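To start, the structure under review is shown below, and the notes come after it.
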Protein chains: 2
Amino acid sequence: METTADETSPRAGLRERKKQRTREALLRAALELFTTQGYERTTVDEIAEAVDVSQRTFFRYFAGKEEVALFTQGVAEARFLDAVRERPPQEAPLEVLRRAVLEGWDTIGEAVESVVPLELHMRAYQLIESTPALLAAYLRRSAELEEEIARVIAEREGLDVDADPRPRVAVAVFGGVMRITGRLWSEGADHSIPAIRELTTAYLDQVGPALAEKWRTE
Amino acid sequence: METTADETSPRAGLRERKKQRTREALLRAALELFTTQGYERTTVDEIAEAVDVSQRTFFRYFAGKEEVALFTQGVAEARFLDAVRERPPQEAPLEVLRRAVLEGWDTIGEAVESVVPLELHMRAYQLIESTPALLAAYLRRSAELEEEIARVIAEREGLDVDADPRPRVAVAVFGGVMRITGRLWSEGADHSIPAIRELTTAYLDQVGPALAEKWRTE
DNA sequence: AGGCTAGTGACAGCCACTGACAGTTGACAA
DNA sequence: TTGTCAACTGTCAGTGGCTGTCACTAGCCT
């Protein structure tokens, strides 16, 4: 009964490791069920049963169905936020954001993979985009993330978010473009990383032109 | 079969008028309860009881609690969409959006007032901004609205939304700014129409500066 | 007046989620 | 090793949003 296994985290007690395993099992089972039979058609009981714990236990690990479904997104978002923080101080705000995402598309994989197969995370994203309830929750979280990023940007530039509108505006513009590309990517046929990278750069390059006075000059 | 013009004035049958009255009573009761005791702390049964109908009937008029709470927002959004459509064809895209909102802040009042006191609508908006579940639903609907507006803009300019990124980008940028101002307005102290107008113009004027390469040149 | 049917209430049931309580099991000291 | 404590968990009961069904009432139409 004494599994001297160490494997994952350095040295946590058996209890801790057990919890970790349960959490991951629930997460994986949930995403698997959601992406195969659909979010609404999957009940919490099913998820709990798949992991062989009580429904009550599920709710001790996750606040609700939504939270599980958006969990890996949270990992990716945290990764992105870090990437923004680690950008060199002399870079211009928009450049920071641009590079943080593009770099993110590569490194996020590792961060996610430690919890769930990357492919499952991708499927989960498409699920979110195509499930109204999840998209709503996702957008709300994105709004919160934008506020945080705006504060980071403001700090970089030595500004007060409440006094100078530019940080929030810049982030909002950027976030808006990201929403578009995310949606198009999930709706499109090519769900590869390079595909989203190209879409992102292409659309970011259109911000200037889109704000131009006259569009009909070609 | 007759296609009666419902919604507005023309004498409809008694049955029709009765329905209209029930719907409005439910809407008003719901908003009143939501804004006084909070969204989550208000049950559908309470709303139904306040209007003296069964809970089942409530669900025949509204898809759920969310829908009632966001109803007047829907009216305002429809009004805004119309305003965009009615802008003179020579106006530049961003100018169209800018003028449509600013004009909207004045005319939306009338459209809303025909269903619910304007003041109640305002309170409802603040409720939405401060209630996570409602904010989520609101943001999702906003995303849908943005897509529609992008199509309208594209058509104005004789473009294909899927071929040219600019319509969606322009609308996303604009929508992003509107989100900021909406939030700040609801969080602020002055909940008047002029206040939101000023905020809107001030922030829209910051889009250019926010996208500039260097911010520290003052 | 009488048939037709939209609209309603009453009832049953599903599912997400929560509080309460008791049983089980790692952690840790004796 | 053993006993105590605290963390986890399962069970049970209950609330609230939401849906299907069905019988019944009340406008509508001829």
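Here is the naming used below: chain letters follow the sequence lines, and residue numbers restart at 1 for every chain. Note: hydrogens, waters and symmetry copies are ignored here, and every other heavy atom, side chains too, is used. From a predicted model like this one, the values you see are computed outputs, not experimental measurements.
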Among residues two or more places apart or on two chains, list those pairs meeting side chain to side chain donor-acceptor pair (under 3.5 Å) that have a residue in residues 193-203 of chain A.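 Those involving residues 193-203 of chain A are A:Asp106-A:Arg197.
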
Given C:dA6, is OP1 or OP2 found less than 4.0 Å from the side-chain N or O atoms of B:Lys19?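 B:Lys19 to C:dA6 OP1/OP2: no side-chain N or O under 4.0 Å.
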
Who passes salt bridge (charged side-chain N to carboxylate O under 4.0 Å, His left out) against B:Lys19, sequence neighbours left out?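 B:Lys19: salt bridge (charged side-chain N to carboxylate O under 4.0 Å, His left out) contacts with B:Glu16.
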
B:Arg156: partners by salt bridge (charged side-chain N to carboxylate O under 4.0 Å, His left out), with sequence neighbours left out: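 Listed in chain order: nothing, the list is empty.
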
At their closest point, which heavy atom of A:Gly109 faces which heavy atom of A:Leu118, and how far apart are they?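 Result for this residue pair: CA-CD1, 3.9 Å.
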
Please find the pair of heavy atoms, one from A:Gly74 and one from A:Arg141, that lie closest to each other, and give the distance.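 In terms of heavy atoms, the two residues are closest at CA-NH2, 3.2 Å.
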
Would you check if the side chain of [X] reaches a backbone N or O of [Y] as a donor-acceptor pair within less than 3.5 Å?
X	Y	value
B:Tyr125	B:Leu120	no
B:His121	B:Val116	no
A:Thr43	A:Glu46	yes

Could you list by number each residue of [range] showing a heavy-atom separation from DNA chain D of less than 4.0 Å, or answer none if no residue does?
range	value
residues 21-35 of chain B	none
residues 42-49 of chain B	B:Thr42, B:Thr43, B:Val44
residues 123-137 of chain B	none

Sequence neighbours left out, cut at 3.5 Å: what donor-acceptor pairs do the side chains of residues 29-37 of chain A make with other protein atoms?
from	atom 1	to	atom 2	distance (Å)
A:Glu32	OE2	A:Arg123	NH1	3.4
A:Glu32	OE2	A:Arg123	NH2	3.2
A:Thr35	OG1	A:Leu31	O	2.7
A:Thr35	OG1	A:Glu32	O	3.2
A:Thr35	OG1	A:Arg123	NH1	3.0
A:Thr36	OG1	A:Glu32	O	2.8
A:Thr36	OG1	A:Leu33	O	3.2
A:Gln37	OE1	A:Thr42	OG1	3.3

In this structure, how many angstroms lie between the P atom of D:dA7 and the CD atom of A:Gln20, rounded?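 One finds 18 Å between P of D:dA7 and CD of A:Gln20, rounded.
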
Starting at the 5' end of DNA chain D and moving along, which residue's nearest nucleotide shows up first, B:Arg15 or B:Glu40?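 Final value for this comparison: B:Glu40.
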
Student check: side-chain heavy atoms of B:Gln206 and B:Ile180 closer than 4.5 Å: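 Side chain of B:Gln206 against side chain of B:Ile180, heavy atoms only: no contact under 4.5 Å found.
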
Side-chain contact test, heavy atoms from C-beta onward, threshold under 4.5 Å: evaluate it for A:Glu187 versus A:Ser130 and give yes or no.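 They are not in contact (no side-chain heavy atoms under 4.5 Å apart), so the answer is no.
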
Pairing residues for B:Ser192 by the side-chain hydrogen bond (donor to acceptor under 3.5 Å, both in side chains) criterion, not counting sequence neighbours: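 If we apply the side-chain hydrogen bond (donor to acceptor under 3.5 Å, both in side chains) test to B:Ser192, skipping adjacent residues, the hits are B:Asp190.
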
Which residues pass the side-chain hydrogen bond (donor to acceptor under 3.5 Å, both in side chains) test with B:Arg140, not counting sequence neighbours?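 For B:Arg140 there are no side-chain hydrogen bond (donor to acceptor under 3.5 Å, both in side chains) partners, ignoring immediate neighbours.
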
Name each donor-acceptor pair under 3.5 Å that joins a side chain in residues 144-152 of chain A to protein atoms two or more places apart or in another chain, with its distance.
from	atom 1	to	atom 2	distance (Å)
A:Glu147	OE1	A:Arg168	NE	2.9
A:Glu147	OE1	B:Arg183	NH2	2.4
A:Glu147	OE2	A:Arg151	NE	3.4
A:Glu147	OE2	A:Arg151	NH2	2.9
A:Glu147	OE2	A:Arg168	NH2	3.0

Are B:Lys65 and B:Glu40 close enough for a salt bridge, meaning some N to O gap below 4.0 Å?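 No, B:Lys65 and B:Glu40 are not salt-bridged.
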
Contact list for DNA chain C against residues 54-62 of chain B - heavy-atom distance below 4.0 Å: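 Residues of residues 54-62 of chain B under 4.0 Å from DNA chain C: B:Ser54, B:Arg56, B:Thr57, B:Arg60, B:Tyr61.
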
Quick one, which residues of residues 64-71 of chain A touch DNA chain C with a heavy atom under 4.0 Å?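 Correct list: A:Gly64, A:Lys65.
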
